[in-house]
Amino acid sequence: MTQDHTIRQILILAVERDPHIRKFEQYFLEEAGYRVEFADNGEQALEQARRLLPDILLSEIMLPRGDGLSVCRALKSDPATRCIAVLIFSILAAEDRAREAGADAFLKKPLDDVVLIRSIEQLLAQHTSAKRNANGAN
């Protein structure tokens, strides 16, 4: 058995209402080696995040049935999901609002595959380091 079979693939839960952007996100993320699941709205995003416990939630702000900032606040306030890294991705100039909601990162649309993948890699590195520090402190 090779080492690839023993390493869990990074899971990204993407919450995007535009089907064209979803296709691009799926293509770019899967090409980079990530597993991708999608949610259509805020309620579905929360349910899937609690069930799947993804490594990263990639969400736009403007969603039906619960906006991305509300989803972020709910995840960050729940001990079971607060370790999920949240990247808010929006057409709105809302970085301050995203940070106030607890987002770990913010990207402004339009989609740039290089910037998206770089941001995800940085988030993963930050969260891996934070988990190591938290485990070492116990």
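Each residue takes its place number in the sequence, starting with 1.
- Put simply, CD on Q44 and CZ on F38 are 11.5 Å apart, with the number rounded to the nearest 0.5 Å.
- For the side-chain hydrogen bond (donor to acceptor under 3.5 Å, both in side chains) test, no residue two or more places apart in sequence or in another chain qualifies with R73.
- When every heavy atom of P54 is checked against every heavy atom of A49, the shortest pair comes out as CD-O, 3.6 Å.
- Side-chain N or O atoms of D55 include one that pairs as donor or acceptor with a backbone N or O of L11 at under 3.5 Å.
- Note on K76 versus D104: salt bridge recorded, some NZ/NE/NH1/NH2 to OD/OE distance being below 4.0 Å.
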> Could you go step by step and tell me if V15 and V71 meet the side chain to side chain contact (heavy atoms under 4.5 Å, CB included) rule?
Replying inline: CA-CA 10 Å; V15 194; V71 170; 5.7 Å; no
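- Partners of D67 by salt bridge (Lys or Arg N to Asp or Glu O under 4.0 Å), not counting sequence neighbours: none found.
- Taken to the nearest 0.5 Å, the CG atom of L57 stands 8.0 Å off from the SG atom of C72.
- Atoms CG and CZ, on L58 and F89 in that order, are 6.5 Å from each other to the nearest 0.5 Å.
- In terms of heavy-atom proximity, A103 sits nearest to I88 at CB-CG1, 3.7 Å.
- For the residue pair D78 and A80, the shortest heavy atom distance occurs at OD1-N, 2.9 Å.
- Residues passing the salt bridge (Lys or Arg N to Asp or Glu O under 4.0 Å) test with E37, sequence neighbours excluded: none.
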> Where do T81 and L53 land on the side chain to side chain contact (heavy atoms under 4.5 Å, CB included) test, with the steps shown first?
Replying inline: CA-CA 7 Å; T81 57; L53 294 175; 4.0 Å; yes
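- Between R50 and A74, the shortest heavy-atom distance links the atoms NH2-CB, 4.2 Å.
- With rounding to the nearest 0.5 Å, the separation of CG in L13 from CZ in R35 is 10.5 Å.
- For E95, the salt bridge (Lys or Arg N to Asp or Glu O under 4.0 Å) partners are R99, not counting sequence neighbours.
- Take R82 and apply the side-chain contact (heavy atoms from CB on, under 4.5 Å) test, not counting sequence neighbours, and it matches P79.
- With sequence neighbours excluded, the residues satisfying salt bridge (Lys or Arg N to Asp or Glu O under 4.0 Å) with R65 are E43.
- One distance of note links CG of L29 with CD1 of I12; it measures 4.5 Å at 0.5 Å rounding.
- R17 places no side-chain N or O within 3.5 Å of a backbone atom of P64 that could act as its donor or acceptor partner.
- Atom-to-atom distance recorded for L124:CG and I56:CD1 is 4.0 Å, nearest 0.5 angstrom.
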Pairs under 3.5 angstrom only: tabulate donor-acceptor contacts from the side chains of residues 106-123 to other protein residues two or more places apart or in another chain.
{"from": "K108", "atom 1": "NZ", "to": "I91", "atom 2": "O", "distance (Å)": "2.6"}
{"from": "K109", "atom 1": "NZ", "to": "E16", "atom 2": "OE1", "distance (Å)": "3.0"}
{"from": "K109", "atom 1": "NZ", "to": "E60", "atom 2": "OE1", "distance (Å)": "3.4"}
{"from": "D112", "atom 1": "OD1", "to": "V114", "atom 2": "N", "distance (Å)": "3.0"}
{"from": "D112", "atom 1": "OD1", "to": "V115", "atom 2": "N", "distance (Å)": "3.2"}
{"from": "S119", "atom 1": "OG", "to": "V115", "atom 2": "O", "distance (Å)": "2.9"}

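- Screening residues 19-34 for salt bridge (Lys or Arg N to Asp or Glu O under 4.0 Å) gives R22-D40 as the qualifying pairs, with residues at least two apart or on separate chains.
- Every residue two or more places apart in sequence or in another chain was checked for a side-chain hydrogen bond (donor to acceptor under 3.5 Å, both in side chains) with E100, and none qualifies.
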